Enquirer: 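What follows is a structure written as structure tokens; I'll ask about it next.
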Amino acid sequence: MYTDTVFLSATTTPFSYFPIVLQLVAALGFVGITMLATHFLGPKRKTSDKLINFESGIEQKGNARQPVAIKYFLTAILFVLFDVEVIFFYPYAVNFRELGWEGFVAVLMFVGFFLCGFIYITKKGALKWED
Amino acid sequence: MNALISTALSGVVLMFVGLFVRNKQHIKFFAIAAIIIAFIANLAQYPSVQLGGYVMYGMIEVTKFGVLFNAVALGTTLLYFLLSGSEFEKMGEHVADYFALIFFILAGISLAASFSNLLMLFLAIEIMSIPQYILAGADKKSLKSNEASLKYFLMGSFSTGILLMGITLIYGAAGSFEIAALGLGAESVHPLALCGIILMVFALAFKVSAVPFHFWTPDVYDGSPTVFTAFMSTVVKAGGFVAFLRMFHTSFAGGSISHHWTLILSLITAGTLVLGNFSAVFQQSVKRMLAYSSIAQAGFMLFAVVSLNSMGSQGIILYSAAYSIATIGVFAVLMKLKDYTFEGFNGLARKEPLLAGAVAVFLFSLAGIPVTAGFFAKYFVLSAAILNGRLLWLVVLAVLCAAISVYYYFRVIIAMYFKTGEPEVEQTSGGFKAALVLAIALVLVLGLFPNLLLCWL
Amino acid sequence: MPVQYYIFLSIALFCIGVMGVLMRRNAIIIFMCIELMLNAVNLLMVSFSKMWADAGRVDAGSAQLFVFFIMVVAAAEVAVGLAIITMVYRNTHSVDINILNRLKN
Amino acid sequence: MLTVLLILIPFIAGLISFGLKGSGPKVLGIISSLATVVIAIGTWCTFRTTPDSLDFVADWIPQLGSQFRVGLDGMGVMLCLLTAVAFLLIFITIYSRDYEKPGSFYGLMLLAQAGLMGVFTAYDALLFYIFWELALIPVYFLCSLWGGEKRIAVTFKFFIYTFLGSLLMMVGIIYLYFQTQDHSFSWAAFSSLPLGPEKQKWLFWLFFVAFAIKMPVFPFHTWQPDTYEQSPTPVTMILSGLMVKMGLFGLIRWCLLLVPQGVGMWSDVAIVLCIIGIIYASAIAMVQNDIKRLIAYSSIAHIGLMCAAIFADNEQSLQGVLIQMFNHGINIIGLWIIVDVIQQRLGVKNMDQLGGMARKAPRMAIFFVIISLANIGLPLTNGFIGEFLMLSGLFEYNHWFMAFAGLGIILSAVYTLGMIQKVIFGESNELTETTTDLQPGEALALSLIVIMILVLGVYPKPMLDLVSSTTEVFNKVF
Amino acid sequence: MTLLSIDWFFIIEKVLLISVVLVLSLVVAMYSTWGERKVAAWIQDRLGPNRAGPMGLLQPLADGGKLFFKEEIIPTNSSRFLFILGPSIAMMVACMTSAVIPWGDTLVIAGRPVSLQIADVNIGILFIFGVVSMGVYGIMIGGWASNNKFSLLASVRAASQIISYELPMGLALIALLMLTGSLSLKDIVEQQRHSLWNVCYQPLGFFIFLVCAFAECNRAPFDLPEAENELNGGYHLEYSSMKLGFFLFAEYINMFISSALIATMYFGGYAFPYMDSLGLDPNVVTILGFVALFIKTLCFIFFFMWVRWTVPRFRYDQLMRLGWKVMIPLALANMLITGALILARQH
């Protein structure tokens, strides 16, 4: 029994994630039941006016799913790039005491490149929202 | 190593040059200066690696071969800048960015020439590929360019996925990423490793556009802005071959393992030769013809890989130089013309004798006629295959294909010299002409004295 | 769990990705399938890393390092790819690769 | 050093010629070819006394074991002499003509000469290959730029044929290179290779196809009549008089000595091919009306005989071939000069439209008859001795082969005489009435040819002495 | 009790803990709405809810009940499946983040140690990070599915905002990670138990994290996605009944979890001064620790509300500029300085 318990609660095995699975099941159950409940509990008096989109009271014009400003895409793309660069800091941060100053200098170089990219996109106006 | 650092830094610098230099005609000079510096920096490393490779963290091993290949790549890129640098300015506002991307590609190439770890191989291939996707789509308004870019991107990343799967399977079998320490040459080959090697053959064949993984090439090369096609189909392709060669000659050469992939690769080579040449024959546009001819030339370069001996590495250096210089030159002249069909060249010799002469020399070189660099390039790769001993059938096939290649290369020569017409040619500057003469001189000098290049190896 | 499970799962995911690339016509879906392939590789890489670590290889962590690099490169590809797809969409109002055959003729 | 000069003089003159205009190239051509003839005669003299001093070696690509190694044996001296003389004759003949862009025309001609000289002197396989190709390209341009209506397609075919052949030869050269002990391209290293019969069996074909295309031997001949017909006549003279000899020379120097067993194994097949070619070409020549095509086919027939004689594998036939190489070169150039004269004057090539020219152009008629008879190989002309030696050699090898080859000689007499009959004798017509006799340049060239024909026909000893050194080499091999 | 080689006590214990935590977060969220209105009223010198129960304490229950019984409207133009999926994801994500937070030290019940943490995984912070970034899908899908221009714009804004502030947040955490050397939240707390709280070493990091937490929760002054005066109510404009409730609840749960997280990472979590020198029974200390954490969390929740009613909303360009051009460089600098100082002290 003891070995099993250790096995189940050790932080390095996949089984330490088991409670998370439990929680996921619980959360799923909660969300599902609530969704069903609200579906069955509420009244259903549908009219066509009620079911159209609300656009400040005036009639809806065209489809809402039009291309949005390219800025948003750009933000998304930049996020992907910079976020991944940030990910690189994590393994470094875990080991940085062992790596010492040498590693620090390497990371400074990395940050330098990071900043180069950052300054570049700034200068290119990728982050300029005030038009 | 120097080449890698200097090109990567140059790329960053160029990016910023674009931000601070207003006149876009000046950017080219920065690029040329940067590439000259990179060239010199690369050569400066030669004495230190003359006796043995310089290993860095088990990731990179700079060897004489790597330095020499970098010199070739940087040198041909310099020539490319000199010849076509001004074409960049027609591509819109982001001239400096395009130069920067080219430098990043060069960084990838120099990595490809000196990786000693599968991780670096992967990075090299990707650093080479990703900027190309952008360059292919540089002409944002043109649907053809868009399509080229999208197609290249999808196909390129697909092959990356396959390459990665190959690497992973090899890792699963060998437990290491160091190409010198994979130790797969034992008597029996692990099935995972076998699958991995085959996937890698496929993926790299994809990158160097070998049949049957070539289908993206003509469309992409045709659709991309011509100035970038010139670069993508030459220097970058050579970089792919170097990666291919280094990988397979270091890791998969020994013992029984080479039997498994050389057969596949020799079939690929045969297919590439035959299909590339036959398709090129039927093209009406010179640009598209060059696209197919680049497939055909890839077939020859594959000889260097498949024949597994030191002639191969000499051959790949010479072939890269000869092929890149000649193709860059032809493209440079092509860009000065309005009409990219064969008829567009009609009567060029009468109107612009220098341009026509240059194109003729370059095409001779591509066809492998003696006294041009292309002859010795072909000579070396064929020698490599003959030395191998088991590939004589392939050699004979290659010879037949080389004869076919004369057909479509000479169509241009015939159009220029033997037909009459009024080609529309842009005014060319004195600098362009000087660069063209330089290129001709290089082709001829390498054609007479290939050892000027190879004595460094 | 034995490493075979991971191998089979990864290969299955990878094959789904490959099939998707070959059969689907929507550029974004193809792109997603490619990402699926990359992630299958990541999974396999990590499980091999574990396998070799269990077998006593001290440098087995390098495979996890590799995964980091794959993610980075995948991110770079995403950035470029999304930009390209957006560009194509703006010009053609479609991301179906079937209409992209202008170059064929 | 003399040997190098043989290549360098035309090469440099050719390069200079590209920059000249007006009559400059013509003069340069004459001067250069005269100088070359003098040098060639000089090499002959040197060869009689100190043959070794003709060798010249310089480092070229040390890593490959390839050197700039040139030298001359008897055959080489003879062919260089032929080349030098032929070019002089050609330049004299066309001195009165005006070609478009003369600078380029003469430049390319001289470059072709340099290439030919290189081929005949190279003692390094790689060098040989390079000169082999180098001789081809100027000729290609000459044909395509100054040729007839269908020139582009025809010369293109010619180029691709020969290029393919030479690539195969390159494969063979590379293969042999790797067999040598010290990885060298030198002829000495190649010829001393101990190759097994198995290897020789297929190596033979790599070389033979290249040479057979150049000669041309049936069935590789299809490019030839078209090309001869479409090319400008000076180029046709080079093609038929000299470039054909490249094939024969290559066969002797670079095939016979390198893969003797291969030659032995395939000699029957090769001779059969040659004889088919002889009969076939002669038959077509008999029904030809086009005078240029007739001579082209007659050339195929003659070359076929020479090629067959090479394979006959004995000293006699080889001696015949060597002599005949020179004589055929002289004769065929003479014939082409005559044809060129007719074409220049009358603008037709069809023999049906000709006739009775003896009356209007008696000097030309005389020359034509003499040269034609020499071409048939009548005794007392230079053609006789060579053909006799070749046929007797063939007879020694196989009676039947000799019989069929002899049939070729007879047929050649038939169509050549028929040609003379149709062109020179018979009734003159409106067209031939307008003809004029030879101009001084043409007359000079033709009389030089006729002198050589007669002298060599009566006193062939100098030539036989010259080539004896080569045949001695073969005695050692077989 | 071991059956089929599974420790069933362990599972029961965990299930209980999960239930408690989930209920607790829901209750806290519910009463946060009440609290918020009370705080608003207090700051604006009003009364706030006071009808349902004493001091309006039953108000949240009434609101919840109302949401349950409201009519469920799904616009005809919308994508039905995605429309339901959006709020579900938002809620799911909100419920999942609490899994790795150590709510207290270990209790010993009947000789068996029971940890007050649902799962002590060694990558706790990364787990939270990963789960939180899923939250953006809920908003994005909800806004897209509505097929309403305002919703779409709001959701795109929300997505941009959230991902933009994830970067400095991640960087701020890296500095913390350098300090602690572990990604496990339990370890982080245990370290603070015996020394100063992390906020003393990481004041700038704490500040950055706090700002980012505001932005991540779409709380004022970063509540652009639901800026009612320009966007009619934001990404949940088309929602009604409990689906709307989910979006609202998720926001409050997120606020609760962020507060708990800030308390855990920078303010000692369940550790409180002199906890080991009081000489009390370990179980009592654990319970006191839990109370301490809860108080700290409530303080931060109050802080959230205080800010909301004090600081005016940013304009969108200001928000993005703050995120990219101020926060990211600041966070980078913080990280480098932290690293340098630690290394300097080490030698």
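Quick note on labels: first sequence line is chain A, next is B, and so on, each numbered from 1. Worth knowing before you read on, the calculation uses all heavy atoms, side chains too, and leaves out hydrogens, waters and symmetry mates. Just so you know, these numbers come straight off a predicted model, no measurement behind them.
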Enquirer: Taking ring pair (Phe, Tyr, Trp, His ring centres under 6.0 Å) as the criterion, tell me which of D:Phe159, D:Phe163, D:Phe141 meets it with B:Phe410.
Expert: D:Phe159
Enquirer: Can you tell me which portion of D:Leu126 sits under 4.5 Å from chain B's heavy atoms? Options are side chain, backbone, both or neither.
Expert: side chain
Enquirer: Please state whether the side chain, the backbone, both or neither of B:Tyr379 comes within less than 4.5 Å of a heavy atom of chain D.
Expert: both
Enquirer: Check each atom of D:Phe156 against the heavy atoms of chain B and say whether the ones under 4.5 Å are side chain, backbone, both or neither.
Expert: side chain
Enquirer: I'd like to verify something: which residue of B:Ile369, B:Leu454, B:Asn451, B:Leu452 has the highest number of heavy-atom pairs under 4.5 Å with chain D?
Expert: B:Asn451
Enquirer: Run the side-chain hydrogen bond (donor to acceptor under 3.5 Å, both in side chains) test against B:Thr372 and tell me which residues pass, sequence neighbours left out.
Expert: none
Enquirer: If contact means a heavy atom pair closer than 4.5 Å, which residues of residues 201-219 of chain D contact chain B?
Expert: D:Trp202
Enquirer: Is it the backbone or the side chain of B:Leu387 that comes under 4.5 Å from a heavy atom of chain D, or both, or neither?
Expert: both
Enquirer: Quick check for you: among B:Phe449, B:Tyr407, B:Phe364, which has the greatest number of heavy-atom pairs under 4.5 Å with chain D?
Expert: B:Tyr407
Enquirer: Against chain B, label D:Leu168 side chain, backbone, both or neither, depending on which of its atoms sit under 4.5 Å from a heavy atom there.
Expert: both
Enquirer: Looking at D:Ile160 and B:Ala403, what are the two nearest heavy atoms and their distance?
Expert: CG2-O, 3.9 Å
Enquirer: Counting only heavy atoms from other residues, nucleotides and ligands, does the tally under 6.0 Å from CH2 of B:Trp456 exceed 12?
Expert: no
Enquirer: Side chains of D:Ile130 and B:Phe375: closer than 4.5 Å at any heavy-atom pair?
Expert: yes
Enquirer: Give the member of B:Leu392, B:Val371, B:Ile386 that has the highest number of heavy-atom pairs under 4.5 Å with chain D.
Expert: B:Ile386
Enquirer: For B:Ala398, which atoms come within 4.5 Å of any heavy atom of chain D: side chain, backbone, both, or neither?
Expert: neither
Enquirer: If you measure from CD1 on D:Ile152 to CD1 on B:Ile414, what distance do you get to the nearest 0.5 Å?
Expert: 6.0 Å
Enquirer: Identify which of B:Leu382, B:Leu400, B:Ile413, B:Val396 forms the greatest number of heavy-atom pairs closer than 4.5 Å to chain D.
Expert: B:Leu400
Enquirer: Where do B:Ser383 and D:Phe178 come nearest, in terms of heavy atoms and distance?
Expert: O-CE1, 3.2 Å
Enquirer: Side chain, backbone, both or neither: which part of D:Ile137 has a non-hydrogen atom closer than 4.5 Å to chain B?
Expert: side chain
Enquirer: Find out whether D:Ile61 and B:Pro450 are in side-chain contact, i.e. whether some heavy atom of one side chain is under 4.5 Å from a heavy atom of the other.
Expert: yes
Enquirer: Rounded at 0.5 Å granularity, tell me how far OH in D:Tyr140 sits from OH in B:Tyr417.
Expert: 11.5 Å
Enquirer: Measure D:Tyr161 against the heavy atoms of chain B and call it side chain, backbone, both or neither at under 4.5 Å.
Expert: neither
